[in-house]
Amino acid sequence: MPEVLHPAPEPDAAMRRVVSYAGLTVLILLAFLSVRHAGWKSDMVFHTLLETVSTMLAAVVGCLALVRYYSEKKTMFLFIGMGFVATAVLDGFHGVFSSAHFMHEFPDASASRIYWSWAVSRT
């Protein structure tokens with residue numbers, strides 16, 4: 001007896017998907033309308049927190065892609081994994097370089113160097 005790899009979709013599955021996508025679109029639109037005139041206030045501590053989160057996220061995604069590469073040996077996963085790991089390293093450098101905790105280590109960190117270190121991981 002042949003094994004069924006993909007069971008037949010339920011008849012209501014497409015309609016439920018459309019309704020959930022429409023509901024999510026309305027929810028995002030309402031969130032946008034409620035916060036579009038809010039003032040944005042941030043400081044160096046919040047910026048360091050965001051950089052830490054982005055560094056950890058890029059490192060985890062990169063490691064997962066590298067694990068997938070070692071299990072399947074497809075070079076696409078190697079390139080994706082190395083790209084995310086490199087982005088994690090560069091984001092981590094920017095986070096340390098622009099952090100308030102390390103300002104005494106980098107006393108000549110001008111604003112242009114902080115912007116430069118941010119732009120490196122984006123290119």
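Remember, predicted model here, so these are calculated numbers, not experimental data. In this chain, residues are counted from 1 in sequence order. As a basis for the values below, the full set of heavy atoms in this structure was taken, side chains included, without hydrogen atoms, waters or symmetry mates.
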Charged tip of K73 within 45° of Y69 ring normal and under 6.0 Å = yes
Is it possible for you to say whether V61 and L78 belong to one hydrophobic cluster, with membership spreading through side-chain heavy-atom contacts below 4.5 Å?
-> yes
Within a strict 4.5 Å, meaning less than it, do heavy atoms of the H94 and H47 side chains meet?
-> yes
For R17, all residues meeting salt bridge (Lys or Arg N to Asp or Glu O under 4.0 Å), sequence neighbours excluded | none
For F46, ring-ring contact (aromatic ring centres under 6.0 Å, His included) partners two or more places apart | W40
Mind listing the closest non-hydrogen atom pair of A65 and I80 along with its distance?
-> CB-CG2, 4.1 Å
Could you tell me the separation between the CZ atom of F84 and the CG atom of L66, rounded to the nearest 0.5 Å?
-> 11.0 Å
Please, which pairs that meet side-chain hydrogen bond (donor to acceptor under 3.5 Å, both in side chains) have at least one residue in residues 50-59, sequence neighbours excluded?
-> none
Co-members of the apolar cluster containing V60 [side chain, <4.5 Å] | L64
Out of curiosity, does M82 fall in the hydrophobic cluster containing F77 (side-chain heavy atoms, cut-off under 4.5 Å, transitive links)?
-> yes
Which atom pairs, donor and acceptor, lie under 3.5 Å between side-chain atoms of residues 22-34 and protein residues at least two apart or in another chain?
unit_1 : atom_1 : unit_2 : atom_2 : d
T25    : OG1    : Y21    : O      : 2.8
S34    : OG     : L30    : O      : 3.3
S34    : OG     : A31    : O      : 2.9

Any residue meeting salt bridge (Lys or Arg N to Asp or Glu O under 4.0 Å) with R36, in chain and number order, not counting sequence neighbours = none
Would you indicate whether M44, at its atom CE, is surrounded by more than 12 heavy atoms from other residues, nucleotides or ligands within a distance under 6.0 Å?
-> yes
